[in-house]
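Because the structure is a prediction, the values reported are computed rather than measured.
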Amino acid sequence: MRSFDIRAYSTASPERVFALLADATSWSRWAGPMVRHSSWEVEGDPPPGGVGAVRRLGTKLMGSREQILEYDAPHYLAYTTLGRMPMRDYRAIVSCDPDGDGTRITWAGAFEPVVPGTGWLLTAILTMIVGGMAKRLARYSSANP
């Protein structure tokens, strides 16, 4: 198994940060250039983004599908990827913890590479992509309380 652990800080409350994170439709506003389109494919419990929800992120032609596995607002959510990916058993947990007057965002994930020997590369790519999204979530939530 390979893993990553990313931290970012927002001056917004955990409730605000979690609200943006948990709403698939907001991702296209804050997640960056790789997420120009964001929507719900399936709603979960509680609706729309609770356990069982499936979100689509990316562009209208290409992107990822992610299913929410755990949902504890405003503290954390866990998700996995669906469909063909260069990794299997991907699972990530994003937590929003009070930190002073703001929120510490922790985005941690683990996976098994499909092709042996590619774990280091996939870890580097995910750290860059997810790290950028965590920073943009922190920046956006801070600027738009």
Side-chain angles (χ1 to χ4, degrees), residues 1-113 119-145:
M1 290 293 281
R2 300 293 299 209
S3 63
F4 61 88
D5 188 331
I6 295 160
R7 312 234 171 177
Y9 178 80
S10 172
T11 58
S13 70
E15 292 80 9
R16 173 65 179 147
V17 175
F18 187 86
L20 290 166
L21 173 70
D23 177 12
T25 64
S26 78
W27 282 56
S28 58
R29 292 194 304 270
W30 61 261
M34 295 185 70
V35 183
R36 298 199 181 275
H37 174 78
S38 57
S39 63
W40 293 114
E41 181 177 303
V42 175
E43 288 193 357
D45 181 28
V51 174
V54 176
R55 61 187 178 207
R56 282 190 169 276
L57 306 171
T59 67
K60 290 191 184 228
L61 298 176
M62 190 170 75
S64 67
R65 296 171 61 235
E66 300 174 344
Q67 184 172 37
I68 306 302
L69 302 173
E70 296 178 41
Y71 180 94
D72 182 17
H75 309 290
Y76 73 93
L77 62 79
Y79 69 94
T80 189
T81 56
L82 303 175
R84 297 190 67 166
M85 300 292 273
M87 63 196 96
R88 62 180 158 262
D89 300 326
Y90 178 88
R91 180 184 170 85
I93 298 174
V94 189
S95 61
C96 302
D97 299 305
D99 188 349
D101 290 336
T103 303
R104 182 181 64 251
I105 301 163
T106 304
W107 203 318
F111 64 92
E112 185 73 34
W120 67 272
L121 177 61
L122 292 171
T123 301
I125 291 168
L126 283 169
T127 299
M128 182 183 69
I129 292 170
V130 174
M133 287 193 295
K135 289 176 189 171
R136 286 187 288 276
L137 174 60
R139 191 169 45 243
Y140 186 88
S141 61
S142 294
N144 299 281

Counting only heavy atoms from other residues, nucleotides and ligands, does the tally under 6.0 Å from CZ of Arg88 exceed 12?
yes

If I take atom CZ from residue Arg7 and atom CD1 from residue Ile105, how far apart are they, to the nearest 0.5 angstrom?
12.0 Å

Over 60° means perpendicular and under 30° means parallel, so classify the ring planes of Tyr79 and Trp107, tilted if in between.
perpendicular

Interatomic spacing from CZ in Arg2 to OG1 in Thr123 - rounded to 0.5 Å:
4.0 Å

Under 3.5 Å, which donor-acceptor pairs do the side chains of residues 128-145 form with other protein atoms, sequence neighbours left out?
{"unit_1": "Arg136", "atom_1": "NE", "unit_2": "Ala31", "atom_2": "O", "d": "2.8"}
{"unit_1": "Arg136", "atom_1": "NH2", "unit_2": "Ala31", "atom_2": "O", "d": "3.0"}
{"unit_1": "Tyr140", "atom_1": "OH", "unit_2": "Arg29", "atom_2": "NE", "d": "3.4"}
{"unit_1": "Ser141", "atom_1": "OG", "unit_2": "Ser10", "atom_2": "OG", "d": "2.7"}
{"unit_1": "Ser141", "atom_1": "OG", "unit_2": "Leu137", "atom_2": "O", "d": "2.8"}
{"unit_1": "Ser141", "atom_1": "OG", "unit_2": "Ala138", "atom_2": "O", "d": "3.1"}
{"unit_1": "Ser142", "atom_1": "OG", "unit_2": "Ser10", "atom_2": "OG", "d": "3.1"}
{"unit_1": "Ser142", "atom_1": "OG", "unit_2": "Thr11", "atom_2": "N", "d": "2.9"}
{"unit_1": "Ser142", "atom_1": "OG", "unit_2": "Thr11", "atom_2": "OG1", "d": "3.2"}
{"unit_1": "Ser142", "atom_1": "OG", "unit_2": "Ala138", "atom_2": "O", "d": "2.8"}
{"unit_1": "Asn144", "atom_1": "ND2", "unit_2": "Tyr140", "atom_2": "O", "d": "2.9"}

Per-pair distances, 0.1 Å, donor-acceptor, side chain in residues 97-104, under 3.5 Å, sequence neighbours excluded:
{"unit_1": "Asp97", "atom_1": "OD2", "unit_2": "Ser95", "atom_2": "OG", "d": "3.4"}
{"unit_1": "Thr103", "atom_1": "OG1", "unit_2": "Ala12", "atom_2": "O", "d": "2.7"}
{"unit_1": "Thr103", "atom_1": "OG1", "unit_2": "Ser13", "atom_2": "O", "d": "3.4"}

Check step by step if side-chain contact (heavy atoms from CB on, under 4.5 Å) holds for His37 and Thr59.
CA-CA 5 Å; His37 174 78; Thr59 67; 5.6 Å; no

For a quick test of reading the model, state the closest non-hydrogen atom pair linking Ala53 to Pro48 and the distance between them.
CB-O, 3.4 Å

Which atom of Val17 lies closest to which atom of Cys96, heavy atoms considered:
CG1-SG, 3.7 Å

So does Arg55 pair up with Glu66, basic N to acidic O under 4.0 Å?
yes

Given Trp40 and Asp23, is the side-chain contact (heavy atoms from CB on, under 4.5 Å) satisfied, shown in steps?
CA-CA 9 Å; Trp40 293 114; Asp23 177 12; 3.9 Å; yes

For Arg56 and Arg65, work out which heavy atoms get closest and say how close.
NH2-CD, 3.6 Å

Met1 CE: over 12 foreign heavy atoms closer than 6.0 Å:
yes

In this structure, is the centre-to-centre distance between the rings of Phe18 and Tyr76 below 6.0 Å?
no

